[in-house]
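Numbering starts at 1 and runs along the sequence shown.
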Amino acid sequence: MKWLILMLIFTDEYTCAMSQTWHNEHFNCHGCDSNLAGQRYILKEEKPYCLKCYEDKFANPCEECKSKIGTGCKDLSYKDRHWHEQCFFCCLCKGSLVDKPFGSKNDQLYCSECYNNTFGSRCDKCTQVFKPGTKKMTYKNQQFHHSCFTCGGCNEPLGSSSFYPREDNIYCVPCYEKLFATRCVKCQGVIAEGGVTYKEQPWHRECFVCSQCSEILSGRRFTSKDEKPYCPNCYGELFAKRCYACTKPICGIGGTKYVSFEDRHWHNDCFVCTKCKGSLVGRGFLTEGELIICPECGRE
């Protein structure tokens, strides 16, 4: 059994440390047992150490110079690694990183400028690094500065405005319409969607109308005369042959059958004997002046 002997202090010379009172000759380093009375010391786990023992046992080695970071030096730490204050600098430009933002890559330290220049993403147009906080524009897996994401026509920044791609370039809406958009042959306006093609020329649906009555022809049957489109009614009134019997135009689109004799024309349904009204289509017939009659009525 060990006995703890507490000795009374009757001298005026003693040391107060660690909330206790010590004879001067008893206040010693926990490592080398050298007397610490009146000396600088450091507590570690509630035990006093002289400076040399503390540095030998507990001081961290500097990542840069590999020497111990003594008690008289500031110990700067980052991710369980330690540096002297004068050794804490950028691995490229050697500028001090004390109290400055920095980045780490592959166990190397970089100031923010060197880190961005070395590892930061770059603009696909100007190739310059994106600085922290810079707004990026992304298009087709490429990144651009706001000022570099521009129209291929007017070179103005596109920002969040609408644009059109064309080959390897992009264009704002006005430039695209000016340079590439399909335009209506009638009004010269841009055809944004839909439209009608007639004789290899583009038209707005609302612009493709009958040349006579202006009725919209899109989605309807029509015919043409002298390169101009007409609705069936107007074409018949203006250009079609007229039936000698009913005087109406012979203009059925798609091939209405009719009969012609000399300078006269009839709808098939109208080509009948004047007397008996029997159809004469595909039959012989006789004429009596302006009259057309079947052979049977001609023998009467």
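- Val209 places none of its side-chain heavy atoms less than 4.5 Å from the side chain of Glu215.
- Within the 4.5 Å cutoff, no side-chain heavy atoms of Phe222 are placed close to those of Cys210.
- Under the 6.0 Å distance and 45° angle rule, Lys44 counts as a cation-pi partner of Phe58.
- One distance of note links CD of Gln86 with SG of Cys73; it measures 6.0 Å at 0.5 Å rounding.
- When the side-chain hydrogen bond (donor to acceptor under 3.5 Å, both in side chains) test is applied to Ser112, no partner is found at least two apart in sequence or on another chain.
- Distance alone, capped at 3.5 Å, is enough to place a donor-acceptor pair between the Lys68 side chain and the Ala59 backbone.
- Using a 4.5 Å heavy-atom threshold, the side chains of Tyr78 and Phe102 count as touching.
- A perpendicular orientation is assigned to the rings of Phe163 and Phe149, their planes being inclined by more than 60° (bins at 30° and 60°).
- The cationic group of Lys125 does not satisfy the cation-pi geometry with Phe144, failing either the under 6.0 Å distance to the six-membered ring centre or the 45° limit from the ring axis.
- For the pair Lys94 and Phe89, the cation does not sit on the ring face, since its NZ or CZ is not both under 6.0 Å from the ring centre and inside 45° of the axis.
- Donor-acceptor pairing under 3.5 Å is recorded for the side chains of Ser260 and His265.
- Looking at residues two or more places apart in sequence or on another chain, you find no side-chain hydrogen bond (donor to acceptor under 3.5 Å, both in side chains) involving Arg166.
- Atom SG in Cys114 sits 12.0 Å away from atom CD in Gln108 (nearest 0.5 Å).
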